[in-house]
Every structure is written in C-alpha cells, then in structure tokens.
Amino acid sequence: MPDTPAASPRARVRVPLRFHDGYSADAELVTFHGLTDGREHVAVVLGDPGPVPLVRLHSECLTGDVLGSARCDCGPQLCEAVERIAGRGGVLLYLRQEGRGIGLYNKLDAYALQDQGLDTYEANAALGLPEDARDYTAAAQMLAALGIGELDLLSNNPDKAEQLRAQGVAVRDRVPTGVFTTAHNVRYLRAKALHTRHTLPLAELDEPAALAEVCAG
C-alpha cells in the first residue's frame with residue numbers, strides 16, 4: 001500500500017439537491033485540504049452512512065451531467081447514484097476528471113474522431129492520450145478523511161475497485177449501476193464492456209438490436 005499523505009476536511013455545507021426528473025435529496029458537501037492532485041474534488045454525503053456505506057466515484061462530465069448529452073451514460077448514472085446512495089446512506093465522490101482524465105477539450109476532440117468511426121478508446125489513442133488517465137489516489141484520501149475504511153462500491157468499472165484496494169480501502173462488494181442505453185451511446189457502452197471489462201450486458205448492447213429498441217421506445 002503506498003504511503004499517501006493524509007487529507008483533511010476543509011469545509012462542510014448543506015445543499016438541497018433537485019434533479020430534472022423531480023427527485024430531491026438533502027446532501028452535505030465536503031471539500032478537502034491536502035489532496036495529492038491539487039484538484040477541487042467534492043464529497044456528497046447522502047442519508048446516514050453506516051459502517052459499510054454505499055460509495056460511488058463519479059468522474060465529472062460537463063456534457064452528460066450538465067448538458068444532458070445522450071452520447072454517454074454519465075448524467076443518468078449520476079442521478080441514479082444520488083437516489084440509491086440517499087436511500088441507503090453513503091457518499092458520492094464527485095471527481096474533477098473530465099473525459100476519463102484527459103480534459104474537456106480533448107474529450108470533444110475525441111468525439112470528433114468517434115464521428116469518423118473510432119470507438120472511445122481508439123479515439124483517445126489517436127490523439128496520443130491514454131485510454132483512461134484517471135487516478136483514484138485522491139478518492140482514497142477523501143474516504144480516509146471521512147473515516148470510511150470499508151465500503152460497497154457502486155460501479156460497473158473494475159479498475160475503480162482495484163485502485164481503491166491498492167490504496168488500502170476495503171471494497172466489500174462492487175454493486176453494478178443501471179444500463180442507460182440511447183441510440184447515441186450504444187457503441188460507447190459496448191466499447192467499455194469490451195475494452196475495460198465494465199460490468200455491462202454485451203448481449204443487450206448489440207448495436208442493431210439496441211438501436212431498434214431505443215427507437216421503438
């Protein structure tokens with residue numbers, strides 16, 4: 001386990017959350033001193049976290065979280081995570097890692113290459129960028145600062161659990177998120193399942209079948 005310096009809570013503030021589907025929840029937002037990457041990550045504490053809270057590491061996605069882009073599943077995953085965590089008690093870590101860590105402009109450049117036929121990982125590689133540049137050291141620091149040493153992780157991504165365990169966080173279980181398919185993101189979801197072992201049902205992500213189902217809906 002790496003010898004990572006400790007972070008500490010900086011400020012706590014209560015914020016009522018409201019989502020476009022009508023769901024609402026009261027949350028405590030926590031900021032931190034001492035995060036190794038120097039970014040302004042935020043912990044969203046929901047409900048009454050127990051000894052083994054439900055936790056999601058959610059990477060910032062301006063296009064999906066804010067603008068409602070249908071090219072990814074980030075916005076629906078964010079809404080789902082808040083509701084599920086609030087119901088059980090836990091924390092959503094909102095991590096400032098746009099575009100799997102490559103930044104907003106590079107992500108949009110990758111979108112342009114995807115429009116030419118590349119998948120999301122091939123587009124990153126064509127730009128000379130890593131498939132996934134995210135590092136979850138700061139997430140482990142945030143969890144430690146909140147007194148969380150064991151958790152259930154709400155994620156389809158095995159790399160998140162592996163990185164947390166390498167940082168000394170006990171991940172008891174990895175709980176899959178929903179599958180939020182649109183006519184515009186089915187290739188993206190399929191690439192995640194094939195390239196990075198995301199827990200997604202490949203049979204349901206067969207492109208022609210998925211597109212027909214979405215259009216029919």
Side-chain angles (χ1 to χ4, degrees), residues 1-17 19 25-61 64-65 73-102 130 132-178 192 196-199:
M1 184 177 70
D3 185 16
T4 304
S8 59
R10 173 182 173 275
R12 297 174 182 264
V13 60
R14 303 295 305 185
V15 176
L17 307 181
F19 292 88
D26 290 326
E28 180 184 50
L29 272 55
V30 185
T31 59
F32 298 87
H33 288 298
L35 298 179
T36 56
D37 61 9
R39 295 179 178 176
E40 294 185 334
H41 306 301
V42 177
V44 183
V45 182
L46 296 151
D48 184 16
V52 185
L54 184 62
V55 172
R56 174 162 176 79
L57 313 185
H58 187 89
S59 297
E60 177 181 43
C61 179
D65 297 342
D73 57 346
C74 301
Q77 281 190 327
L78 177 62
C79 295
E80 177 203 32
V82 168
E83 187 167 354
R84 290 176 68 175
I85 294 171
R88 170 171 157 178
V91 181
L92 182 143
L93 301 185
Y94 196 81
L95 305 173
R96 312 302 296 276
Q97 299 179 330
E98 183 79 48
R100 296 197 304 275
I102 65 174
D132 192 333
R134 290 174 295 182
D135 180 286
Y136 298 106
T137 302
Q141 288 181 289
M142 295 163 75
L143 292 168
L146 294 172
I148 298 172
E150 183 177 13
L151 55 85
D152 287 340
L153 184 65
L154 182 61
S155 178
N156 295 326
N157 184 354
D159 183 55
K160 292 181 179 180
E162 291 165 6
Q163 286 202 39
L164 286 181
R165 289 183 176 123
Q167 291 287 336
V169 180
V171 180
R172 184 179 69 176
D173 190 22
R174 184 162 60 86
V175 182
T177 72
K192 290 205 295 185
T196 48
R197 301 180 292 121
H198 279 60
T199 309

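Just so we're clear, the structure is a prediction, and the values are computed from it rather than from any experiment. Quick note: residue numbers are just sequence positions, from 1.
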Kindly indicate whether the side chain of L54, heavy atoms from C-beta on, has any atom under 4.5 Å from the side chain of L46.
-> no
From L154 atom CG to R88 atom CZ, the distance as rounded to the nearest 0.5 Å = 9.5 Å
Measure the shortest side-chain to side-chain distance between V91 and V44 over non-hydrogen atoms and say whether it is less than 4.5 angstrom.
-> no
For R39, look at atom CZ and say whether over 12 heavy atoms of other residues, nucleotides or ligands are found less than 6.0 Å away.
-> yes
Residues G90 and I85: closest non-hydrogen pair is C-CG2, 3.3 Å
Minimum-distance pair of heavy atoms, taken over all atoms of P49 and V45 | CG-CG1, 3.8 Å
Partners meeting side-chain hydrogen bond (donor to acceptor under 3.5 Å, both in side chains) with D173 (sequence neighbours left out) | none
Is there a donor-acceptor pair under 3.5 Å between the side chain of N156 and the backbone N or O of T177?
-> yes
Could you walk me through whether V169 and L151 pass side-chain contact (heavy atoms from CB on, under 4.5 Å), step by step?
-> CA-CA 8 Å; V169 180; L151 55 85; 3.6 Å; yes
Of all heavy-atom pairs between L153 and A161, which one has the smallest distance, and what is that distance?
-> CD2-N, 3.6 Å
No-hydrogen, no-angle side-chain donor-acceptor test under 3.5 Å, T4 and Q167 | yes
Per side-chain contact (heavy atoms from CB on, under 4.5 Å), L92 is matched among V55, L78, V42 by L78
Closest non-hydrogen atom pair between A138 and L35, with its separation | O-CD2, 3.9 Å
Applying the salt bridge (charged side-chain N to carboxylate O under 4.0 Å, His left out) test to E60, which of R134, R100, R96 qualifies?
-> R96
Return yes if some donor-acceptor pair links the side-chain N/O of Q141 with the main-chain N/O of G34 below 3.5 Å, else return no.
-> yes
Distance (rounded to the nearest 0.5 Å) between E83 CD and F19 CZ = 9.0 Å
Quick one: does E80's side chain have a donor or acceptor within less than 3.5 Å of a partner on G178's backbone?
-> yes
Closest non-hydrogen atoms of Q97 and D135, given as atom of the first, atom of the second and distance, are NE2-O, 3.0 Å
Hey, could you give me the CG/CG distance between L164 and D159, rounded to the nearest 0.5 Å?
-> 9.5 Å
Verify, without hydrogens or angle tests, whether T31 (side chain) and A11 (backbone) share a donor-acceptor contact under 3.5 angstrom.
-> yes
Would you mind telling me which of R56, R165, R174 makes a side-chain contact (heavy atoms from CB on, under 4.5 Å) with K160?
-> R56
Check the pair V13 / V30 against side-chain contact (heavy atoms from CB on, under 4.5 Å), numbers first and verdict last.
-> CA-CA 7 Å; V13 60; V30 185; over 6 Å; no
Roughly how far, to the nearest 0.5 Å, is OG of S8 from CE of M142?
-> 12.0 Å
List the atom of D65, the atom of S59, and the distance in Å for their closest heavy-atom pair.
-> OD2-O, 4.1 Å
Within-4.5 Å side-chain heavy-atom neighbours: V175 and R84 = yes
Summary of ring-ring contact (aromatic ring centres under 6.0 Å, His included) pairs that have at least one residue in residues 37-59, sequence neighbours excluded = H58-Y94
Using the side-chain contact (heavy atoms from CB on, under 4.5 Å) rule, take L143 and Y136 through it: C-alpha gap first, then chi angles, then the decisive distance, then the call.
-> CA-CA 11 Å; L143 292 168; Y136 298 106; over 6 Å; no
